[in-house]
There are 2 protein chains.
Amino acid sequence: MGTTQLETVPEPKYWHLRTVLSEALDSEFSVGEILPNERDLAARFGVARATLRQALEQLELEGRLQRRRGVGTTVAPPRMGVSVGTAQHAWPGGSDDAWQAVDCTLVAPPAAIAETLVTGREEPVHTVRRSRVSQGQPVAAELLYIPASSVPDLSAIDAPSGAARARAVLRELQHLELERHENAVELGSARADDAKELDRLPGAPVLVVTTRFIALGRVAALSVATYRADTCRLTFGDSGGVQIHHGPERRAS
Amino acid sequence: MGTTQLETVPEPKYWHLRTVLSEALDSEFSVGEILPNERDLAARFGVARATLRQALEQLELEGRLQRRRGVGTTVAPPRMGVSVGTAQHAWPGGSDDAWQAVDCTLVAPPAAIAETLVTGREEPVHTVRRSRVSQGQPVAAELLYIPASSVPDLSAIDAPSGAARARAVLRELQHLELERHENAVELGSARADDAKELDRLPGAPVLVVTTRFIALGRVAALSVATYRADTCRLTFGDSGGVQIHHGPERRAS
DNA sequence: CAGTGGTCTAGACCACACC
DNA sequence: GTGTGGTCTAGACCACTGG
């Protein structure tokens with residue numbers, strides 16, 4: 001693991017380090033193995049700790065490393081494939097659903113949500129919180145926004161809030177006929193509450209999946225799900241289990 | 001824009017700063033406007049430049065800011081919706097394709113690719129490079145891997161490489177009957193060549209979309225497309241044009 | 001040229017996990 | 001406790017853009 005190469009091209013140190021470490025991970029370490037601590041590594045490569053950290057950040061972003069405060073830095077397993085947008089014509093909360101309802105409240109929709117829920121400007125919405133676990137670890141936190149008009153027959157349910165009510169709301173939703181749904185994926189950073197649920201620090205990179213469920217020509221429900229970007233590979237249109245092993249240069253040319 | 005609040009909760013400074021700046025962006029700045037430079041901003045908030053930069057990095061990751069070396073930091077427009085995986089049953093290179101072929105070579109597949117292209121272990125693959133432009137700016141760079149056996153009738157084409165040959169390869173591909181395709185999305189960082197094409201620095205966050213095109217029960221083509229994560233929102237299953245305006249807290253509760 | 005963001009340093013202290 | 005990663009500082013110099 002030497003770094004004694006004075007680049008002819010002024011490649012940033014941290015980028016070069018990233019490459020060197022990446023190769024070392026492929027050849028000298030195995031999944032779950034714990035790396036030397038940051039101070040040692042920095043000394044070994046003759047750089048400041050901040051620079052070393054910049055390289056580690058890159059590798060963590062790429063899902064190669066996992067860092068935990070007070071514990072250490074370990075070699076991450078390959079990202080798990082998490083299927084999204086399968087079950088093309090199913091409402092959330094269906095029988096084979098990977099999610100677990102946590103809570104439910106009835107509130108006035110925040111402005112940004114109301115805008116996407118084109119229907120019912122000032123209409124109250126049920127807000128269902130759900131979480132998704134895969135292979136023993138939390139992978140996503142979701143907020144579902146369901147306009148009250150989408151589940152009109154909810155008066156029979158007496159639970160005012162909590163997981164029971166959440167399940168009741170979702171059950172009601174199944175009665176509607178789902179036309180289609182539309183997905184969008186973008187990069188975001190975890191808000192404090194999501195971060196906690198995902199066992200990450202605030203600001204951790206997440207993949208935000210926004211799904212609009214269309215029924216009767218209206219948006220009957222809106223899901224905003226934040227997935228851990230470091231551990232997840234989102235799969236669309238089936239084949240959730242494909243393992244893509246990333247080699248030395250990952251997409252080498 | 002005051003920061004004179006000594007937190008009772010030990011919220012990191014950069015995180016608090018991110019929030020303050022985010023709110024300022026919503027209320028006091030408009031798209032395209034240029035912010036004060038980092039040294040001034042840091043002084044104004046009474047923090048070190050590195051801390052200020054940490055906050056700016058967050059906001060850039062979220063697509064709120066755009067930073068360019070030698071120029072300055074500007075307020076980014078809302079992310080553009082880029083449709084992916086529409087045209088459910090179309091090969092790359094079809095008539096309404098958003099991509100532009102750049103180059104084409106015939107090589108032995110790198111190990112990581114050969115593994116995903118389950119067919120033909122040692123078989124040579126055509127490697128087609130394409131780029132995608134949307135609203136006047138580059139949004140994605142792609143590498144298409146096409147096993148030679150997928151386009152057997154290519155001998156008639158004499159162009160050895162270049163854009164012309166790339167188009168010829170894609171034209172041949174249309175003759176196959178496409179069964180389906182499978183998409184996966186994950187976070188990555190731009191390699192040097194991709195970064196250059198996307199007008200970003202190496203290591204910039206990108207959304208990597210891997211698509212496997214299935215025909216005759218085999219993987220007939222494999223696409224690895226890297227999208228700029230800062231400017232793009234990937235849309236699946238139609239509705240490419242939906243604008244989601246992010247409000248003050250973006251997904252406020 | 002001057003001004004910008006990008007990289008890097010050598011420290012310091014804090015929050016957390018584990019013993 | 002000790003050891004880890006996370007935050008923060010106050011500098012310095014580099015690479016790039018634009019006038």
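Below, all heavy atoms of this structure are taken into account, side chains as well, without hydrogens, waters or symmetry copies. To find a chain, count down the sequence lines: A is the first, B the second, and so on, and within it residues start at 1.
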Show each protein N/O and nucleotides 16-19 of chain D N/O combination with a separation under 3.5 Å, one pair to a line.
none

Check every nucleotide of DNA chain C for an atom under 4.0 Å from a heavy-atom of chain B, then give the first and the last such nucleotide from 5' to 3'. C/dG3 to C/dA15
Return the value, rounded to whole Å, for the distance between atom [atom1] of [X] and atom [atom2] of [N].
{"X": "A/L65", "N": "D/dG5", "atom1": "CG", "atom2": "P", "result": "11 Å"}
{"X": "A/R39", "N": "D/dG5", "atom1": "CZ", "atom2": "P", "result": "7 Å"}
{"X": "A/I34", "N": "D/dG5", "atom1": "CD1", "atom2": "C1'", "result": "11 Å"}

Salt-bridged, B/R191 to B/D194, with N to O below 4.0 Å? yes
Do A/D193 and A/R129 meet the salt-bridge criterion of a basic N to acidic O distance under 4.0 Å? yes
For [X], side-chain contact (heavy atoms from CB on, under 4.5 Å) partners two or more places apart:
{"X": "B/T51", "answer": "B/K13, B/Y14, B/V47, B/A48"}
{"X": "B/R69", "answer": "B/L201"}
{"X": "A/T73", "answer": "A/L35, A/L65, A/R67"}
{"X": "A/V107", "answer": "A/T105, A/V125, A/T127"}

In terms of the nearest nucleotide of DNA chain C, which residue is placed more toward the 5' end: B/P202 or B/N37? B/N37
Tell me, please, which residues at least two apart from A/R228 pass salt bridge (charged side-chain N to carboxylate O under 4.0 Å, His left out). A/D230
Using a heavy-atom distance cut-off of less than 4.0 Å, which residues of residues 47-55 of chain A contact DNA chain C? A/V47, A/A48, A/R49, A/A50, A/T51, A/Q54
Residues in side-chain hydrogen bond (donor to acceptor under 3.5 Å, both in side chains) contact with [X], at least two apart in sequence or another chain:
{"X": "A/T211", "result": "A/N183"}
{"X": "A/R53", "result": "A/E38"}
{"X": "B/S27", "result": "none"}
{"X": "A/E33", "result": "A/S30"}

Please work out if B/L56 contacts a base, only the sugar-phosphate, or nothing of the nucleic acid, heavy-atom cut-off 4.0 Å. nothing
